There are 2 protein chains.
Amino acid sequence: MSQRHITAAPKKTLARASAAGHGRLPAALGNTSVTTHENVYRGLRDRILFGGFLPGSAVTLRGLAEDMGVSPMPIREAVRRLIAERALKMQDNRRVLVPPMTTETFEQIVFSRKTLEPELAARAMDRIGRAEIRQITTLDQAVDRAMAVGDVDGYMQSNYRFHFAIYERACADTLMALVESIWLQFGPFMRMAYGCIGTSTLEDHHQAAIAALERRDRKGLKAAIAADISQGMNFIGEAVLKRST
Amino acid sequence: MSQRHITAAPKKTLARASAAGHGRLPAALGNTSVTTHENVYRGLRDRILFGGFLPGSAVTLRGLAEDMGVSPMPIREAVRRLIAERALKMQDNRRVLVPPMTTETFEQIVFSRKTLEPELAARAMDRIGRAEIRQITTLDQAVDRAMAVGDVDGYMQSNYRFHFAIYERACADTLMALVESIWLQFGPFMRMAYGCIGTSTLEDHHQAAIAALERRDRKGLKAAIAADISQGMNFIGEAVLKRST
DNA sequence: ACCGCTCTATTGTGATCACAATAATCGCGC
DNA sequence: GCGCGATTATTGTGATCACAATAGAGCGGT
């Protein structure tokens with residue numbers, strides 16, 4: 001369902017006419033002057049984070065190349081990178097898929113999140129002033145709005161942006177890389193879970209986090225983030241625990 | 001110093017004769033039937049983990065291809081993967097280097113290690129029996145031997161194997177991936193530090209960890225691992241704090 | 001001597017092709 | 001009809017080439 005099989009088109013040796021000269025890009029991706037594989041990476045990354053892929057769905061190099069209107073080459077590099085970040089998984093077949101969630105992986109993700117993300121928030125606090133709090137509040141409102149309407153994709157996206165608007169102020173890129181890899185690993189599963197359960201019954205601890213930021217309460221902030229993670233992950237964790245192994 | 005510049009040789013169109021048909025390998029790498037880029041990855045990974053590269057040294061695709069006797073193609077994939085794992089870094093130049101250590105990165109690495117590795121050890125404990133303890137003890141002896149002789153490379157390698165012989169029993173591949181990425185990031189720096197300071201004045205907490213494993217003392221095990229990390233990282237941390245920013 | 005420019009060499013990137021391995025499909029015999 | 005074997009299609013991998021961007025060497029002017 002997610003990939004297409006085409007035999008005829010790319011057989012024409014001169015098919016490069018559409019994808020133009022080497023440096024140029026097919027304009028399908030809003031880009032600056034970064035490399036094609038970087039743009040492909042960002043596109044795939046967003047699709048993974050915000051629910052463009054279902055857990056367990058297969059991806060192919062040529063299929064993605066077709067979808068994104070680029071040659072297989074930059075796809076290879078982007079996919080290789082995403083595999084290294086555990087957003088994708090290469091099976092023994094050497095075929096690539098977005099990995100299904102397991103209870104073991106899920107538990108480790110929860111542990112990692114509860115260990116690393118409150119720490120990131122705590123480190124960020126001193127660099128979060130009035131302006132940043134206002135911005136973060138706006139993002140939280142977007143989360144609430146998406147939740148109310150049942151806009152799952154919108155929720156995924158604004159929830160991500162809420163959390164990372166805080167975390168990025170920590171200026172801790174090594175810790176950040178760990179957390180980003182973790183988010184990539186549960187993105188598709190979370191999206192699927194919300195798609196099943198819906199977002200209406202969900203409530204987060206974002207307000208508590210913002211309140212803690214306002215009174216510069218580091219302990220309270222860590223607690224709020226931890227509670228948000230516990231609550232949200234428990235919520236979607238049921239989905240995998242109930243339905244099978 | 002680490003790369004070579006060759007202009008003439010690969011210009012011959014038929015140079016593939018040496019690196020033979022597609023699936024075959026140049027026999028320079030002891031391999032099974034895995035892909036070439038996988039073998040290249042393992043080789044580079046070991047060199048990074050055990051001190052084959054200095055922090056800040058530049059690597060080039062064609063240079064590595066020359067060194068390892070393969071075509072640039074599998075090098076690209078291995079390097080892309082290592083960049084994603086933060087073992088290598090691509091600058092804005094798009095040139096690749098093994099990243100120099102900074103105090104900020106170092107601090108984050110220490111935090112991550114002290115957070116994740118004791119947890120891994122604790123999770124592994126129940127799966128570590130008599131046989132495994134014996135094996136781990138043997139590895140610790142290799143560490144001591146290398147330390148006594150001043151064999152820095154040997155120390156790097158057996159210390160890695162000691163730690164990961166414990167961690168891998170946790171069967172927690174998601175956590176493991178985080179820790180492996182962390183080790184790749186401080187490998188070159190640790191190697192350099194030991195190369196300067198020497199290994200003679202170093203002492204670890206491996207014995208305490210083994211003792212804790214024997215009496216199945218989870219708290220004690222976590223404490224021993226944490227102490228080992230603190231002590232070792234403090235030891236080499238001086239090197240970067242003393243000499244500059 | 002030192003700074004600036006020019007020209008060359010090197011580097012990562014992307015395209016394209018060929019190949020081997022695996023998956024999918026079809027057809028035949030029962 | 002239904003499993004089972006042969007054929008076909010698709011997949012990741014590796015090689016090679018061309019290109020644009022950058023770095024570095026060489027050289028001239030002040």
Side-chain angles (χ1 to χ4, degrees), chain A residues 2-26 29 31 33-41 58-66 68-83 88-97, chain B residues 3-26 29 31 33-41 58-66 68-81 83 88-97:
Chain A
S2 75
Q3 80 233 43
R4 216 95 51 69
H5 305 295
I6 293 186
T7 7
K11 224 58 216 166
K12 291 265 298 187
T13 308
L14 257 296
R16 62 186 299 188
S18 70
H22 290 296
R24 230 76 49 64
L25 282 163
L29 308 143
N31 64 84
S33 72
V34 298
T35 55
T36 305
H37 66 78
E38 178 76 26
N39 281 306
V40 169
Y41 168 76
V59 298
T60 64
L61 265 32
R62 291 173 178 87
L64 289 176
E66 176 69 17
M68 309 188 74
V70 300
S71 90
M73 203 60 216
I75 301 277
R76 264 163 84 167
E77 312 226 33
V79 165
R80 186 69 57 198
R81 181 172 170 188
L82 287 164
I83 290 173
L88 297 175
K89 179 169 160 48
M90 166 161 285
Q91 17 189 9
D92 302 328
N93 317 353
R94 293 187 189 166
R95 283 193 160 83
V96 183
L97 49 80
Chain B
Q3 79 233 45
R4 215 95 51 72
H5 305 293
I6 292 186
T7 5
K11 224 59 216 165
K12 292 265 296 185
T13 308
L14 258 296
R16 62 187 299 188
S18 68
H22 290 296
R24 228 78 48 62
L25 282 163
L29 308 143
N31 65 85
S33 71
V34 296
T35 55
T36 306
H37 66 77
E38 177 76 27
N39 281 306
V40 168
Y41 168 77
V59 298
T60 63
L61 299 184
R62 291 173 176 87
L64 289 176
E66 177 69 18
M68 309 187 75
V70 300
S71 91
M73 202 60 215
I75 302 278
R76 264 162 85 167
E77 312 228 30
V79 166
R80 186 70 56 198
R81 181 172 172 187
I83 290 172
L88 297 175
K89 179 169 161 49
M90 166 161 286
Q91 333 173 258
D92 303 328
N93 317 352
R94 292 188 189 163
R95 281 186 162 76
V96 183
L97 49 78

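We name chains A, B, ... by the order of the sequence lines, and we start the count at 1 in each one. Keep in mind that what you see is a predicted model, and the values were worked out from it rather than measured.
Residues passing the side chain to side chain contact (heavy atoms under 4.5 Å, CB included) test with A:Ile83 are A:Val79, A:Leu88, A:Met90, A:Val96, sequence neighbours excluded. Applying the salt bridge (Lys or Arg N to Asp or Glu O under 4.0 Å) rule to B:Arg80 yields the partners A:Glu77; only residues at least two apart in sequence or on another chain are considered.
Residue B:Met90 contributes atom CE, which lies 13 Å from atom P of D:dT22 at whole-angstrom precision. At whole-Å resolution of the value, CD in A:Gln91 and P in D:dT13 are 12 Å apart. Atom CG in A:Leu64 sits roughly 13 Å away from atom C1' in D:dG12 (whole-Å rounding). Atom CG in B:Asn39 sits about 20 Å away from atom P in D:dG12, given to the nearest Å. Separating the CD1 atom of B:Ile83 from the C1' atom of C:dT11 is a distance of 13 Å, rounded to the nearest angstrom. Taking atom CZ of residue A:Arg62 and atom C1' of nucleotide D:dT13, one finds them 9 Å apart after rounding to whole Å. Rounded to an integer number of Å, the gap from B:Leu61 CG to C:dG14 C1' is 13 Å. To the nearest angstrom, P of D:dG14 lies 15 Å from OH of B:Tyr41.
Of all heavy-atom pairs between B:Val40 and B:Ile75, the closest is CG1-CD1, 3.8 Å. When all heavy atoms of A:His37 and A:Ala78 are compared, the pair lying nearest together is O-CB, 3.7 Å.
The NZ atom of B:Lys89 sits 15.0 Å away from the CZ atom of B:Arg95 when rounded to the nearest 0.5 Å. Here CE of B:Met73 is found 11.5 Å from OG1 of B:Thr36. Values are rounded to the nearest 0.5 Å.
Within residues 72-81 of chain A, the residues that have a heavy atom under 4.0 Å from DNA chain C are, in order of number, A:Met73, A:Pro74.
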So which protein N/O to nucleotides 22-25 of chain C N/O distances come out below 3.5 Å?
unit_1 : atom_1 : unit_2  : atom_2 : d
C:dA23 : OP1    : A:Asn93 : ND2    : 3.1

